[in-house]
Amino acid sequence: MGALDFKQVMVIRRDLGMGTGKIAAQVAHAAVMAAERTKQKKPDWFHSWFEGGQAKVVVKVQSFEELIDVKNHAESLKLPVVLVQDSGLTQIPPGTATCVGIGPAPADLVDKVTERLKLL
């Protein structure tokens, strides 16, 4: 990817013991919420990403602290970022932070936050 490419990255916690379907739902929440935030705050980024194929990547962290570190790093770079907190209806307690969505944003900026993280 070059400097003009755009992508969205979802970062999921793996320490919560969520099942595959639960993880998929949390990632979907993050993708939609982050896309909406980007559409409002950086519409040019949103449209470039949307028209370019909506590249998405899912990576993992192992703890709440690591998730918050990723969120804070993204915010420090002025990237659109959202924190997903579960409603607690199924596998985990209400309010549990499960996932962070970053972007869509320029890939080179997102990579500064997420390139060290392993794919899910």
Side-chain angles (χ1 to χ4, degrees):
M1 282 192 174
L4 297 179
D5 289 327
F6 290 81
K7 70 178 174 182
Q8 184 180 44
V9 176
M10 278 60 66
V11 184
I12 189 81
R13 281 179 65 186
R14 292 298 289 143
D15 62 314
L16 296 173
M18 294 181 288
T20 304
K22 184 70 168 179
I23 289 170
Q26 299 304 300
V27 167
H29 289 318
V32 171
M33 291 166 58
E36 283 295 320
R37 170 132 330 140
T38 303
K39 191 174 184 181
Q40 292 170 0
K41 297 194 178 279
K42 296 278 192 175
D44 53 330
W45 287 4
F46 175 84
H47 292 294
S48 293
W49 167 79
F50 193 84
E51 293 166 10
Q54 305 114 49
K56 294 170 203 68
V57 178
V58 182
V59 296
K60 59 187 174 180
V61 295
Q62 300 300 327
S63 69
F64 171 76
E65 292 78 16
E66 197 175 356
L67 186 73
I68 296 305
D69 286 347
V70 168
K71 177 183 170 288
N72 291 341
H73 189 188
E75 288 174 342
S76 76
L77 296 175
K78 307 292 188 224
L79 292 168
V81 60
V82 297
L83 176 67
V84 177
Q85 293 181 283
D86 194 66
S87 61
L89 299 177
T90 57
Q91 299 177 14
I92 53 179
T96 301
T98 60
C99 193
V100 162
I102 303 169
D108 58 341
L109 288 177
V110 177
D111 287 345
K112 290 179 180 184
V113 178
T114 62
E115 68 186 350
R116 66 176 175 77
L117 301 175
K118 294 185 190 265
L119 294 172
L120 177 64

Original post:
Given Leu77 and Lys112, is the side chain to side chain contact (heavy atoms under 4.5 Å, CB included) satisfied, shown in steps?
Top reply: CA-CA 9 Å; Leu77 296 175; Lys112 290 179 180 184; 3.9 Å; yes
Subject >> CA sep, side-chain torsions, deciding dist, call: Gln26, Ile12, side chain to side chain contact (heavy atoms under 4.5 Å, CB included) >> reply: CA-CA 8 Å; Gln26 299 304 300; Ile12 189 81; 3.9 Å; yes
Subject >> Stepwise side chain to side chain contact (heavy atoms under 4.5 Å, CB included) check, Lys7 with Asp111 >> reply: CA-CA 9 Å; Lys7 70 178 174 182; Asp111 287 345; 2.5 Å; yes
**OP:** Carefully, step by step, assess Ile23 and Leu120 under the rule side chain to side chain contact (heavy atoms under 4.5 Å, CB included).
**Re:** CA-CA 10 Å; Ile23 289 170; Leu120 177 64; 3.8 Å; yes
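Between the side chain of Trp49 and the backbone N or O of Ala55, at least one donor-acceptor pair lies under 3.5 Å. Without hydrogens or angle criteria, Arg37 side chain to Val81 main chain gives a donor-acceptor distance under 3.5 Å. A donor-acceptor pair under 3.5 Å links the side-chain atoms of Thr96 to the main chain of Pro93, judged by distance alone. Although no hydrogens or angles enter the test, the distance criterion places no donor-acceptor pair under 3.5 Å between the side chain of Gln8 and the main chain of Lys56.
The CG atom of Leu109 sits 11.0 Å away from atom CD1 of Ile102, with the distance rounded to the nearest 0.5 Å. Atom SG of residue Cys99 and atom CZ of residue Arg13 lie 11.0 Å apart, to the nearest 0.5 angstrom. Taking OG of Ser87 as the reference point, atom NE2 of His29 lies at 6.5 Å (rounded to 0.5 Å). Of the inter-residue distances, the one linking Lys41 atom NZ with Lys78 atom NZ reads 11.0 Å to the nearest 0.5 angstrom. Atom OG1 of Thr90 is separated from atom CE of Met18 by 9.5 Å, given to the nearest 0.5 angstrom. A distance of 12.0 Å separates CD in Glu65 from CG in Asn72, rounded to the nearest 0.5 Å.
Using a 4.5 Å cut-off between side-chain heavy atoms of Ile, Leu, Val, Met, Phe, Trp and Tyr, with links allowed through other members, Trp45 and Val113 fall into the same hydrophobic cluster. Hydrophobic cluster membership is shared by Phe6 and Val57, with clusters built from Ile, Leu, Val, Met, Phe, Trp and Tyr side chains linked at under 4.5 angstrom. If you chain together hydrophobic residues whose side chains sit under 4.5 Å apart, Phe50 and Val110 fall into the same group. Hydrophobic clustering of Ile, Leu, Val, Met, Phe, Trp and Tyr side chains at less than 4.5 Å, counting indirect connections, keeps Met10 apart from Val100. Hydrophobic clustering places Leu79 together with Val61 (ILVMFWY residues linked when any side-chain heavy atoms are closer than 4.5 Å, directly or through intermediates).
Thr98 places a side-chain heavy atom less than 4.5 Å from the side chain of Leu16. Contact annotation: the side chain of Val58 never approaches that of Val9 to less than 4.5 Å [non-hydrogen atoms, C-beta and beyond].
Nearest approach of Ala35 to Pro104, heavy atoms of both residues: CA-CD, 3.9 Å. Contact detail for Gln40 and Pro43: the closest heavy-atom pair is O-CD, 4.1 Å. Pairing each heavy atom of Pro80 with each of Ala105, the nearest pair is CD-CB, 4.4 Å.
Salt bridge present: Arg116 and Glu66 bring a charged side-chain N and a carboxylate O closer than 4.0 Å.
With a 6.0 Å radius and a threshold of 12 heavy atoms from other residues, nucleotides or ligands, Lys22 has its NZ atom above the threshold.
Under the side chain to side chain contact (heavy atoms under 4.5 Å, CB included) test applied with Leu67, the options Leu83, Val84, Asp15 reduce to a single match, Leu83.
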